[in-house]
Each structure stands twice: as structure tokens, then as C-alpha cells.
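Just below is one structure, and these are the notes that go with it.
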2 protein chains.
Amino acid sequence: MPTHSTRDIIVEKADALFYQGGFEATSFADIAAAVGISRGNFYHHFKTKDDILDAVIARRMERTRAMLDAWQDASEGPRERIVCFIRILITNRTSIMAYGCPVGTLCSELAKLDHAAQGRAADIFGLFRDWLTAQFRALGAADRAGALALHLLAWSQGVAVLAAALRDEAFIHAEVAGIEHWLASHPDLSQPT
Amino acid sequence: MPTHSTRDIIVEKADALFYQGGFEATSFADIAAAVGISRGNFYHHFKTKDDILDAVIARRMERTRAMLDAWQDASEGPRERIVCFIRILITNRTSIMAYGCPVGTLCSELAKLDHAAQGRAADIFGLFRDWLTAQFRALGAADRAGALALHLLAWSQGVAVLAAALRDEAFIHAEVAGIEHWLASHPDLSQPT
DNA sequence: GACGCGATAGGACAACTGTCCTAATCTCAC
DNA sequence: GTGAGATTAGGACAGTTGTCCTATCGCGTC
């Protein structure tokens with residue numbers, strides 16, 4: 001029972017390198033060095049670099065789904081669940097200040113490259129949007145739930161972009177406090193049951 | 001009296017290509033083809049690719065400053081000036097949906113490349129932040145002006161990231177309406193003089 | 001022990017990268 | 001018209017890229 005196959009390790013390392021260095025700037029050689037295998041050996045696991053990207057996106061999809069499911073089970077109410085989402089800005093603040101949001105920066109890069117996988121990358125945003133929409137709906141937002149979900153998603157993305165550009169940790173904390181205040185005092189939302 | 005020197009044209013074309021395709025993915029050959037000069041001729045105008053990037057950032061700085069000055073002169077009050085800033089999301093919505101925000105995406109890419117120019121790129125955000133801070137201070141925000149400026153900047157960045165990822169024009173219009181409503185009804189701000 | 005097959009290493013390959021050199025051309029003052 | 005200096009084209013250069021081939025290795029099955 002292997003804990004991790006070579007293929008899994010490649011995807012794991014590629015995921016981190018794509019995040020920290022970007023997809024285009026990360027070469028086969030970089031990934032091979034990180035995994036500890038020879039460059040030519042890649043062809044046995046992935047035919048093209050785009051195949052690795054697809055696997056990385058699929059991995060991120062899975063992990064995002066798992067994270068959302070965990071929040072769904074661990075928190076009592078929708079408001080607490082949304083706070084879980086907001087708090088990833090705090091939890092991951094160090095890497096966010098260094099590399100931005102993994103989803104947002106990947107989508108931005110793939111858009112510029114006009115890459116075929118940009119739709120699949122954007123689907124990760126779709127997971128968050130749908131999950132947040134369900135939470136806002138549970139809070140009584142009704143037909144405004146989708147717009148509120150997108151708004152919160154955009155807010156967190158903006159915080160990530162600016163925190164990375166300005167390397168400002170205090171700004172992250174201030175904005176997270178602002179988001180939580182907005183969530184607690186939003187007039188459109190009834191109190192949780 | 002040459003309207004544009006060859007150097008200026010290089011910087012202008014490089015600016016557009018860096019925006020649309022990213023800095024790393026844009027090669028000397030791409031810029032040369034866009035300008036219509038030979039590849040080897042670059043060395044006479046710019047010693048390295050980083051020099052072109054520096055010139056592009058300087059150009060964006062200049063143009064940003066000029067844009068902010070124009071808003072400063074054209075609008076009567078600080079509230080109207082802030083609306084000018086918000087409206088660039090509408091004006092540039094087509095390119096934003098295709099390539100994101102020029103400043104945000106460049107900063108994100110340079111951060112991943114660990115590029116020496118990332119601080120200079122972030123200084124463009126500094127121009128917006130300082131200008132917006134002055135406007136909020138004129139609105140009576142006092143010591144909260146800086147935080148409000150950063151918040152508005154982050155908000156617009158988030159809208160740009162998500163609009164590009166989801167290719168959603170209606171989302172841009174909805175969020176811009178939300179920003180304008182926030183600006184008009186923010187409790188911390190007194191009415192304009 | 002012999003076989004088969006997946007996994008691996010090493011390298012070939014053309015294309016492209018940023019950089020740099022050199023020779024030719026252009027422009028304009030004298 | 002001549003010479004000087006700026007501008008240009010073309011290509012050399014070593015290094016890297018993604019891709020692909022082939023020979024070898026490791027290991028479980030007969």
C-alpha cells in the first residue's frame with residue numbers, strides 16, 4: 001500500500017512550484033529536480049506539460065472540495081462556515097503575501113497565456129461560489145445569495161492581490177475584521193436559526 | 001519633431017504585450033515583431049529585458065499620474081473624483097475581462113518570479129493609494145482615510161480578478177453599483193462641502 | 001533461473017530564449 | 001561631398017525549453 005505513487009508526488013511538487021513560481025516559468029527540469037527523478041522520465045507519467053497542469057487543477061479541485069466538506073461538517077451554522085472561509089486569509093497569510101491566492105493567480109496567468117485550461121481553473125472559483133451561495137441562502141439571503149457569494153469571493157481576492165503587492169500583513173488583519181463585521185451586520189441577512 | 005521615437009514605440013508595444021501576454025511569456029522576438037524592427041537591434045535601445053520592464057513600469061507610472069491629475073482637475077469634489085476611479089472598471093471592462101488589471105496581474109507575476117522590479121510595480125498601487133487617501137481625507141475620513149483607500153483599491157482588484165476568471169460582465173456592473181452605493185452611504189463620511 | 005513489464009535514466013532533437021557582436025545603412029553638420 | 005555618429009539588420013552564441021526515443025534496471029510471476 002504505497003502512501004504516494006511517483007505520479008502523485010510529481011503532481012504535488014508541480015502544484016507547489018506552479019503556485020510559487022507560476023506555470024509558465026516552472027520547467028520540467030524544475031519539477032524533476034524537486035521530485036528527484038530524471039527529466040526524460042516525465043514522458044512515462046505525463047505526455048505534455050499541459051497534462052501536468054490538468055492534474056494539478058484536478059488535485060486542487062479535490063482538495064478544495066474536501067476543505068469545503070470539512071467546513072460543512074465542523075461548523076454549526078452557515079455564519080460560522082463563512083467565517084471559516086474568511087479565515088483562510090489569516091491562516092495562509094504568509095504564503096499569500098509571498099505568492100498571492102493560488103486560484104486567482106493561476107486564473108490570471110492562464111488568461112494571459114490564452115490557455116485551454118483556464119476554464120477548468122476558474123471552476124475552482126465555481127466551487128467556492130456555489131458553496132458560499134448555499135451558506136448565504138441558508139442565512140436567508142434568497143435570490144441575493146449568489147451575488148453575496150461573488151462579492152465575498154471578490155473581496156477576499158482583492159485582499160490577496162493587495163497583500164501580496166504591498167507585503168502588508170496588518171492590511172490583511174484589518175480587512176478580515178472588516179469582512180467579519182460586514183457578515184455580522186449585513187442588513188439583508190436574518191440572524192441564524 | 002518626431003511624435004514617437006523608436007524607443008518610445010518599443011516601450012508602448014512592450015507595455016501592451018506584457019499586459020496581454022505576461023512579462024515572462026513575452027519574448028524579445030514578440031516585441032520586435034510588434035514594433036517591426038529586427039531582434040538584434042534591441043541591444044541598442046535596451047541592454048536587457050529587465051530594462052524594458054523598468055521602462056514599461058516608468059511609463060505606467062507617468063500615465064497613472066497623468067490620469068489622476070486629470071481627475072483631480074476635471075471633477076468638482078472628492079466624491080466625484082473617487083467615482084472616476086471606480087468607473088475605470090466599466091470603461092476598461094473588455095480588457096479587464098480578458099487580461100485582468102494591468103497593475104495587479106503584473107505585481108502578481110513579478111512576485112512569483114521574485115523579480116527585482118516588483119517593488120517598483122507595487123509603487124503604482126502606491127500612487128492610487130495616496131491619491132484615494134487624499135480624496136477620503138477631503139471627505140472628512142481623517143485617520144481612516146488610508147484604510148478606506150486600501151479597502152477601495154482591494155475591492156476593485158477583487159472585481160478585476162473575478163471578472164477575468166469568470167468572464168462575467170454583469171458581475172462588474174453589479175459590483176460597481178455596490179461600490180458607488182457604499183461610497184454614497186458610508187457612515188464615516190460626511191457630506192461633501 | 002527465465003521471462004515480462006512497468007519504471008527509470010540519459011540523452012537526442014529542433015526550436016526558442018536573452019544576449020551580444022559586426023557590418024551595413026542612414027542622417028546630418030561641416 | 002565627406003566624415004562622424006546614430007541607427008539598423010542579420011546572425012552568432014550558449015543555454016534552456018518541451019518533447020520524444022532507447023537502453024537499462026527492478027521486481028514479481030511462471
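Order of the sequence lines fixes the chain letters, A, B, ..., with proteins taken first and strands second; residue numbering starts at 1 for each chain. Since we're looking at a predicted model, the values are computed, not measured.
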Problem set entry | Which residue lies more 5' along DNA chain D, comparing B:Asn41 with A:Ala25 via nearest heavy atoms |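 Result of the comparison: B:Asn41.
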Mind calculating the distance between [atom1] ([X]) and [atom2] ([N]) to the nearest angstrom?
X       : N      : atom1 : atom2 : answer
B:Lys47 : C:dC21 : NZ    : C1'   : 16 Å
B:Lys49 : D:dG15 : NZ    : P     : 20 Å
B:Asp51 : C:dG18 : CG    : C1'   : 12 Å
B:Arg39 : C:dC21 : CZ    : C1'   : 13 Å
B:Arg7  : D:dA6  : CZ    : C1'   : 15 Å
B:Ile31 : C:dT17 : CD1   : C1'   : 12 Å
B:Phe42 : C:dC21 : CZ    : C1'   : 17 Å
B:Ile10 : D:dT7  : CD1   : C1'   : 11 Å

From the set [options], return the single nucleotide nearest to any side-chain atom of [X].
X       : options                : result
A:Thr48 : D:dG18, D:dT19, C:dT19 : D:dT19
B:Ser38 : D:dG10, D:dG18, C:dA9  : D:dG10
B:Phe28 : D:dG18, C:dT19, C:dA9  : C:dT19
A:Ile37 : D:dC20, C:dA9, D:dG18  : C:dA9
A:His44 : C:dG10, C:dA7, C:dC20  : C:dA7
B:His45 : C:dA9, D:dT8, D:dT19   : D:dT8

Exercise. Would A:Arg87 and A:Glu180 pass as an ion pair if we require N to O under 4.0 Å?
Worked result: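 A salt bridge is present here (some side-chain N lies under 4.0 Å from a carboxylate O).
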Exercise. OP1 or OP2 of C:dA7 sitting under 4.0 Å from any side-chain N/O of A:Thr6?
Worked result: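 The answer is no; no side-chain N or O of A:Thr6 sits under 4.0 Å from OP1 or OP2.
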Problem set entry | side-chain N/O A:Tyr43 vs D:dT19 OP1/OP2, d < 4.0 Å |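 No, A:Tyr43 has no side-chain N/O under 4.0 Å of OP1/OP2 on D:dT19.
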For this session: Keeping the roles fixed (side chain from B:Lys49, backbone from B:Thr26), state whether a donor-acceptor pair exists under 3.5 Å.
Result: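 Side chain of B:Lys49 to backbone of B:Thr26: a pair is present.
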Exercise. Between B:Ser95 and B:Asn92, is any side-chain donor less than 3.5 angstrom from a side-chain acceptor?
Worked result: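 There is no such pair (donor and acceptor under 3.5 Å, judged by atom type) between the side chains of B:Ser95 and B:Asn92.
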For this session: Quickly, which of A:Arg59, A:Gln20, A:Arg63 forms a side chain to side chain donor-acceptor pair (under 3.5 Å) with A:Asp15? Name it, please.
Result: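 Option passing the side chain to side chain donor-acceptor pair (under 3.5 Å) with A:Asp15: A:Arg59.
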For this session: Calculate, to the nearest 0.5 Å, the distance between atoms CG and OG1 belonging to A:Leu53 and A:Thr48 respectively.
Result: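 Interatomic distance, A:Leu53 CG to A:Thr48 OG1, rounded to 0.5 Å: 9.0 Å.
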